[in-house]
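Heavy-atom basis, side chains included; hydrogens, waters and symmetry copies ignored. Every chain is numbered from 1, with letters handed out A, B, ... down the list of sequences.
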4 protein chains.
Amino acid sequence: MPTAALRKEESVEQAATTFAKDQLRAFVERIERLEEEKKAIADDIKDVFAEAKGNGFDVKAMRTVIRLRKQDADERREQESILETYMHALGMLA
Amino acid sequence: MPTAALRKEESVEQAATTFAKDQLRAFVERIERLEEEKKAIADDIKDVFAEAKGNGFDVKAMRTVIRLRKQDADERREQESILETYMHALGMLA
Amino acid sequence: MPTAALRKEESVEQAATTFAKDQLRAFVERIERLEEEKKAIADDIKDVFAEAKGNGFDVKAMRTVIRLRKQDADERREQESILETYMHALGMLA
Amino acid sequence: MPTAALRKEESVEQAATTFAKDQLRAFVERIERLEEEKKAIADDIKDVFAEAKGNGFDVKAMRTVIRLRKQDADERREQESILETYMHALGMLA
DNA sequence: ACTCCAATACTTTAGC
DNA sequence: GCTAAAGTATTGGAGT
């Protein structure tokens, strides 16, 4: 993180304020940039669905397939977490 | 992506089915890859908010600011005008 | 829904405005009342968890149990919905 | 809910376990009942919003108004002040 | 335009 | 008290 340049004309408080302002602006702009990227990817996804649809696939069914695959992936973590909870409840874990 | 080989043993219909299956798989995998990227960016955004919070900024206000910057001026005026009307109606303003 | 009383002193437009105002206020108050009730129930739920905890039960494990039971209930609807989607995709429905 | 009968054949430990089980079941069912009630009220709220919408009101603005009414004045001023500061810093105001 | 569903954001709660 | 996670509410987008 760059230090705030303290110009002669500024009081210490003004410098602090200026610094916070710049810092805030930097955070906001970083987030906005990331959100643009995210939006671009979301648009890409839409395009792929549209292309699939153009090739005769049922988009809703595709979404279901993708969702189920993701659930399968998530489920293991989930199951492990549940198991842990139970073992803890039964005093088998710390 | 390999093309669907039309083996001697396959009927034309089987080939078509195999092709559709491969094509579907390809679409699904492209989407899954894109969703992973999207997730990564979403995580980055979270990190930035966390960092901002660690520097003393109010995350909720930051979100508001970012939302407002995204709205165009007309839309914003529109919303504010409706809100004002309602607040008036409910005696929340002058 | 009660009609808006049109007082002699009011113009038609004022009456309309007054009516809308009263109507808005009525809607808002109905919602606020419902939200209070909802809050009260949420508090009751908290109390039950606290009581269970006081009787030596593990709250997190209880939440897990409740969530799983709810999933079982939801799952049937979900499975039916998925089945429908597939049947549709395969041209077996509508 | 029946109390746990302590049958001759049961050891004290078994009885304790049975009792705990029944007690747990009772807690879980109480919570599930309460959650159903909560859900019913949430649905009622949705209905009221839908009705308001059908009468030409802007649901989003209504939600905002309700949220603001819930905040106490101090808190509201606080939030507005932070927001203003941030908007200033980003050149969105004066 | 409107409904429905998925995604996001916010709030609350549990554990450290 | 703070961080991490769950649950809940709100928003936006896709399909009809």
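- Between the CD1 atom of Ile31(C) and the C1' atom of dT10(F) there is a distance of 14 Å, given to the nearest Å.
- Within a 6.0 Å sphere centred on CD of Glu78(D), heavy atoms belonging to other residues, nucleotides or ligands number 12 at most.
- Counting any heavy atom pair closer than 4.0 Å across all strands shown, Lys38(D) reaches sugar-phosphate atoms only and no base atom.
- The pair Arg69(B)-Glu35(A) does not meet the salt-bridge criterion, since no charged nitrogen lies less than 4.0 angstrom from a carboxylate oxygen.
- Regarding Lys39(C), its NZ atom lies at a distance of 14 Å from the C1' atom of dT13(E), rounded to whole Å.
- Here the side chain of Ser81(B) pairs no donor or acceptor atom with the backbone of Arg77(B) at under 3.5 angstrom.
- Rounded to whole Å, atom C1' of dT3(E) lies 17 Å from atom CZ of Phe49(D).
- The side chain of Arg63(A) places no N or O atom within less than 4.0 Å of a non-bridging phosphate oxygen (OP1 or OP2) of dC5(E).
- Contact annotation: Lys70(C) does not reach the phosphate of dG7(F) (side-chain N/O to OP1 or OP2, under 4.0 Å).
- In this structure, Asp43(D) places its CG atom 16 Å from P of dT3(E), rounding to the nearest Å.
- Checking Arg67(D) against Val59(A), the closest nucleotide of DNA chain F that is more toward the 5' end is the one next to Arg67(D).
- By the neighbour-count criterion of 12 heavy atoms within 6.0 Å, atom CD of Glu13(B) is sparsely surrounded, having that number or fewer from other residues, nucleotides or ligands.
- At the heavy-atom level, Lys53(A) lies nowhere under 4.0 Å from the strands shown.
- Of the residues near DNA chain F, Lys60(C) and Lys60(A), the one whose nearest nucleotide (by heavy atom distance) lies more toward the 5' end is Lys60(C).
- Between dT11(E) and Lys46(C), no contact under 4.0 Å exists linking OP1 or OP2 to a side-chain N or O.
- One atom, CG of Asp58(D), and another, P of dC2(E), lie 13 Å apart when rounded to the nearest Å.
- One atom, CD of Glu36(D), and another, C1' of dT8(F), lie 18 Å apart when rounded to the nearest Å.
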